[in-house]
Amino acid sequence: MKLAKNYDPKLYETDIYSLWEQSGAFSPNDKGRSFSLVVPPPNANGNLHMGHALSFSVQDIAARYHRLKGERVLFVPGADHAGFETQVVYERELEKQGKSRFDYSREVLYNKIFDFVDLNRDNFQTQIRKLGASVDWSRYAFSLDPKIVKQAYATFKQMWKEGLVYRGERLVNFCTLHGTAFADIEVDYREEKGQLWQIRYPLSDGSGELVVATTRPETMLGDTAVAVNPEDSRYKMMIGKTVKLPLTHREIPVIADNYVDVNFGTGAVKITPAHDPNDYQIAQRHDLPFVTVIGFDGKLVHSVPETFRGLNVLEGREAILKQLEREGLLVGDEEIIHNVGHCYKCATVIEPLLKEQWFIDIKPLADNALQAIRAGKIEFLPQAKQIQLERYLETIRDWNISRQIVWGIPIPAFQNEEDPDDWIYDERVDQEVITVDNKHYRRDADVFDTWFSSSTWPYTTLDYPQGTDFKEFYPLSLMETGSDLLYPWLSRMIMLGLYVTGEVPFSKVYLHGMITDSQGRKMSKSIGNVTDPMETIAKFGSDALRIGVISGQTPGNNQPYVEAKVIGGRNFINKLWNIARFTEGVVENFKQTDAQPISAADHWILVQYAKTKSLYIEHMDSYRFSEAYEIIYHFLWNDFADWYIEASKIEPNPALLAELLRSALPLVQPFAPFVSETIWQTLELSQNSLLINQKLIDLPSGNEENAMRFERIKSLVNEVRSLLTATKAVKVKLYYHNEPDVASFATVINQLGGTIGVEEGEAGRGIALTASGFNCWLDIDQESIDRYVTHLEELIAAEQQRTKQLQERLKNHSYLNQAPKELVEETSNQLVEAEQTLEKLLDEKIRFAPRR
RNA sequence: GGGCGCUUAGCUCAGUUGGCUAGAGCGCUUGCUUUACACGCAAGAAGUCGGGGGUUCAAGUCCCUCAGCGCCCACCA
């Protein structure tokens with residue numbers, strides 16, 4: 001035997017992967033339709049998690065399936081520098097050494113992070129290999145590779161030239177700890193308890209006062225107005241007057257704006273345009289000045305009254321409240337639940353701060369994307385995500401692409417040292433100052449938002465615009481990624497792809513849900529509920545992990561990681577291995593490929609194979625991978641192993657057995673690539689080809705009539721087994737009368753049914769078979785017959801109910817008139833069968849009743 | 001406040017266009033050293049498909065409604 005007693009994944013997986021890789025099987029072949037997908041590049045800074053295992057599994061199944069169909073498959077791997085994410089990870093490393101990012105110059109820090117990421121490269125790629133991902137390593141892309149950066153620049157330049165990118169002073173979401181701004185989408189809002197303070201703002205003319213309500217008293221130093229609702233009778237007469245802003249010498253106007261909710265707080269809102277997004281908008285409507293009071297370090301700035309200078313936000317708040325109280329201006333406070341934005345990494349409260357940044361004018365891009373999506377140019381799995389994306393694109397706001405970190409792609413923009421409004425595009429980002437037309441320009445210190453460069457991924461990885469890959473494989477056939485990336489990444493790939501290439505970047509999107517722990521909680525290091533896919537592989541093998549995450553999986557839905565599913569996969573792999581071992585023991589020559597069906601079982605299994613194959617293709621083509629897996633699983637385990645192999649022990653047809661194994665392996669291969677290739681190689685099922693290159697195999701078709709004969713024998717065997725178990729009878733003979741098929745399959749029936757003989761006889765003692773439609777009976781002893789009578793009652797009850805149901809359906813005139821003819825016909829056939837069975841059962845009961 | 005999901009056996013989930021006597025894996029019960037496999041074989045038990053209403057000859061599947069759970073967006077200072 002070439003196949004070992006047990007399949008131990010560890011012994012084969014690495015070698016099999018090398019075999020694939022070195023053979024060039026991962027690169028597109030030269031014929032066929034093209035099928036392309038690009039891996040959503042994982043962060044280069046860490047390890048793969050369960051979500052990656054799922055994502056790679058889905059992608060790899062698709063890739064392998066399309067190779068199976070004879071298509072030329074392009075499957076591009078890559079990694080993302082993940083700017084902010086990685087810098088945060090690295091800063092933690094520095095912290096361990098007692099250092100911080102401030103200890104290094106920008107260049108030195110960049111290089112240190114680069115080395116840090118580079119060190120992880122092998123680790124990261126090894127993990128992808130362990131997952132069995134059949135990616136083309138020769139096309140591996142890293143988001144800081146020159147070709148990617150070049151295209152990111154080209155995209156930025158084009159937008160600049162066409163006025164889609166602008167520099168503006170806006171409120172940005174700023175983390176004062178990390179010292180960088182974020183996009184709106186990156187802010188983590190949480191519901192929190194807070195306090196709403198009421199503060200008196202006296203009218204300048206001494207005619208009274210306004211009481212404003214605020215959760216952020218410290219920002220009052222930057223107030224430039226107080227707003228009330230124009231319809232609010234309490235304040236109507238104050239509109240247009242001014243108030244004395246406490247703690248300062250400024251006077252600010254009372255303005256009217258519909259934004260103010262009469263019923264919230266006091267109905268009067270202090271307006272701080274430089275520190276609140278809503279106030280910012282009001283300020284624009286009313287042309288109010290902007291007064292900054294909080295700096296990028298999170299401290300009150302120099303221009304505030306001396307007592308408050310340099311205090312951080314919370315200290316400032318305390319100090320201001322105390323001062324107000326002293327002056328009798330603090331009316332009171334109440335508790336309030338409100339949403340507060342936090343840095344998604346360090347939980348620091350995000351400060352809205354005014355900052356000059358690069359923005360993308362998103363409206364035109366979003367409109368294009370919407371048009372394409374509504375025109376159905378991209379198919380979404382699950383479909384509901386399309387609507388979600390449309391909603392998002394309808395309300396999307398301009399995109400801030402500047403980040404104040406070092407780990408990223410420097411923004412290729414320079415500012416005139418003499419004229420702050422004079423910005424030029426230039427790619428000489430390795431220089432701090434450049435001279436153009438005798439003017440000195442200083443490089444923008446910021447880098448791109450990582451999502452900006454990664455949103456060019458579908459076309460940059462394919463070497464847009466001149467590359468052959470781009471010409472032959474763009475748009476991508478499939479983009480598979482997590483549902484959580486729908487807004488931050490997918491939407492932007494679509495917008496940028498359309499903008500730059502004029503085409504949608506991919507024609508199909510498959511969005512997987514999150515893998516949670518067994519209780520449905522997000523896997524997280526702090527909870528300690530993380531399962532490392534590499535550990536699962538070590539324990540159960542890569543194929544088992546793949547089956548475990550893929551079975552029962554549907555797009556869009558979260559799914560818990562359940563080890564039992566992995567175990568189920570492992571068991572199936574073991575089954576497959578043993579099918580192969582049995583076959584190996586029977587087949588002398590795997591090179592012979594002209595198998596023909598002889599027995600009824602042969603015909604039956606060929607019919608089953610044909611059904612399996614067509615259903616499999618149907619599910620695979622629709623990305624219902626879990627269902628396709630179930631199809632092949634049951635074919636191999638139930639049809640092939642449980643029935644065909646057992647039957648073939650009696651009527652062997654080694655040539656066909658070999659062919660069946662050879663034809664089934666390509667179908668399993670997407671789900672269990674390692675074990676199926678191991679079998680293929682070990683048994684040398686094909687002289688000089690790898691299973692990974694094998695196309696779908698057609699087998700001779702089975703004869704329906706013969707297949708049907710076996711199907712009936714199968715149900716006879718089932719009935720015999722069932723009766724033997726119910727009656728607990730042992731050493732039983734089966735008799736038949738005038739049943740040629742039973743006569744010719746006597747050995748099969750005897751062996752599979754567990755009787756001790758199948759013989760011709762006259763009906764007499766024993767119990768008649770009722771369900772399978774043969775004139776047969778089991779010769780059992782009196783004690784067993786008594787047990788059978790009880791069993792009979794149950795069978796009769798069930799059959800009566802069934803008969804009644806069918807009769808009622810056929811009595812219904814509307815059903816007869818309106819349901820499809822075939823269906824009605826089927827129902828009447830079912831009724832005839834049910835009635836026959838019932839009749840036999842009742843006869844049996846009459847025969848045995850006197851004994852009760 | 002708005003949007004999108006989910007609720008089907010003990011557990012985790014499938015169920016495509018309405019045709020289902022509602023499936024799978026794991027678990028459970030009973031019996032098996034049947035030599036490819038105990039990571040197995042055989043036979044079983046287990047669900048009023050969240051509640052209510054409707055459309056239809058027919059509803060797990062479509063519509064309405066209620067309840068519970070989850071996610072996302074927007075945010076009242």
Side-chain angles (χ1 to χ4, degrees), chain A residues 1 3 5-7 184-185 189 196 212-216 219 227 259-261 263-272 276-279 282 336 338-339 382 384-385 387-388 391-392 395 483-484 486-487 513-514 518 520 540 544 547-548 551-554 556-586 618-619 622 624 626-627 629-630 633-634 641-642 645-646 649 718 721-726 728 751-752 754 798 801-802 805-806 809 812-820 822-824 826-827 830 834:
Chain A
M1 287 286 266
L3 291 172
K5 173 124 175 58
N6 293 307
Y7 173 68
D184 294 333
I185 205 163
Y189 284 94
L196 189 64
V212 302
T214 180
T215 53
R216 302 206 55 189
T219 63
Y259 157 81
V260 180
D261 179 354
N263 299 315
F264 189 89
T266 59
V269 188
K270 60 191 261 327
I271 301 300
T272 322
D276 182 284
N278 291 308
D279 295 4
I282 291 180
I336 183 184
H338 61 158
N339 265 332
K385 296 292 173 189
I387 301 156
Q388 277 185 37
R391 291 291 120 77
Y392 174 71
T395 56
S483 305
D484 54 333
L486 181 63
Y487 301 155
M514 207 187 354
S518 58
F540 300 106
I547 292 169
S551 60
Q553 196 272 347
T554 44
N557 291 328
N558 288 354
Q559 53 168 341
Y561 171 78
V562 178
E563 196 177 82
K565 288 205 293 177
V566 179
I567 291 174
R570 195 254 337 245
N571 295 355
F572 171 66
I573 288 156
N574 175 255
K575 189 48 125 177
L576 179 60
W577 186 257
N578 278 290
I579 288 172
R581 287 187 72 226
F582 175 81
T583 307
E584 187 191 359
V586 172
E618 205 182 312
H619 287 308
S622 319
R624 294 191 292 265
S626 174
E627 289 191 65
Y629 168 69
E630 264 192 49
Y633 175 97
H634 286 114
D642 292 345
I645 284 186
E646 293 307 319
K649 285 176 182 170
N718 277 333
R721 285 169 173 175
S722 220
L723 285 172
L724 290 182
T725 308
K728 296 185 177 156
Q751 206 104 325
L752 300 191
Q801 207 198 332
R802 170 103 176 114
Q805 265 178 6
L806 291 168
R809 197 177 302 168
N812 186 336
H813 290 285
S814 322
Y815 177 69
L816 295 175
N817 296 334
Q818 283 171 259
E822 311 86 65
L823 198 68
V824 176
E826 199 188 317
T827 309
Q830 284 170 340

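Labels below follow one simple rule: chain letters A, B, ... track the order of the sequence lines, proteins then strands, and each chain is numbered from 1. Keep in mind that the numbers below use all heavy atoms, side chains included, and drop hydrogens, waters and symmetry copies.
Residues satisfying the salt bridge (charged side-chain N to carboxylate O under 4.0 Å, His left out) criterion with A/Arg721, sequence neighbours excluded, are absent altogether. Annotation: ring-ring contact (aromatic ring centres under 6.0 Å, His included) contacts of A/Phe582 (sequence neighbours excluded): none.
Between A/Glu584 and A/Arg581, none of the side-chain N atoms (NZ, or NE/NH1/NH2) sits under 4.0 Å from a carboxylate O, so this pair counts as no salt bridge.
A/His813 comes within 4.0 angstrom of no nucleic acid atom, judged by non-hydrogen atoms across all strands. Using a 4.0 Å heavy-atom cutoff across all strands shown, A/Asn263 reaches no nucleic acid atom at all. Within 4.0 Å of A/Thr214, counting heavy atoms only, lie sugar-phosphate atoms of the nucleic acid but no base atom.
The shortest side-chain heavy-atom distance between A/Ile547 and A/Lys565 does not fall under the 4.5 Å cut-off.
Atom P of nucleotide B/rG25 and atom CZ of A/Arg570 are separated by 15 Å, given to the nearest angstrom. Taking atom OH on A/Tyr392 and atom C1' on B/rC72, their separation rounds to 11 Å, with Å as the unit. The distance from atom CD of A/Gln553 to atom C1' of B/rA14 is 11 Å, rounded to the nearest whole Å. Per the geometry, NE2 belonging to A/His634 stands 6 Å off C1' belonging to B/rA24, to the nearest Å.
Here the nucleotide nearest the side chain of A/Asn578, chosen from B/rA42, B/rC37, B/rG15, is B/rC37. Each of B/rU16, B/rC39, B/rC41 was ranked by its minimum atom distance to the side chain of A/Lys575; first place goes to B/rC41. Among the nucleotides B/rA77, B/rG40, B/rC57, the one closest to the side chain of A/Asn571 is B/rG40. For A/His619, whose side chain is taken as the heavy atoms from C-beta onward, the closest listed nucleotide among B/rU16, B/rU21, B/rC72 is B/rU16. Comparing atom distances between the A/Lys649 side chain and each of B/rG19, B/rG44, B/rA36 picks out B/rA36 as nearest. Proximity note for A/Tyr487 (side chain, C-beta onward) versus B/rA43, B/rC72, B/rC13: the nearest is B/rC72.
Taking the six-membered ring for Trp and thresholds of 30 and 60 degrees, A/Tyr392 and A/Tyr487 have nearly parallel ring planes, at less than 30 degrees apart.
Nucleotide B/rG47 is matched to nothing when pairs are restricted to Watson-Crick or G-U wobble geometry with both distances under 3.5 angstrom. Base pairing of B/rC62: its partner is B/rG54, meeting the Watson-Crick or G-U wobble criterion (both donor-acceptor distances under 3.5 Å).
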- Message: At under 4.0 Å between heavy atoms, how does the protein contact nucleotides 2-7 of chain B? Give one character per nucleotide, 5' to 3', with B, S or -.
- Response: -SSS--
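Side-chain atoms of A/Tyr815 and A/Thr827 form a donor-acceptor pair, as typed in the model, at a separation below 3.5 Å. Remark: the A/Thr554 side chain and the A/Asn557 side chain contain an N/O donor-acceptor pair separated by less than 3.5 Å.
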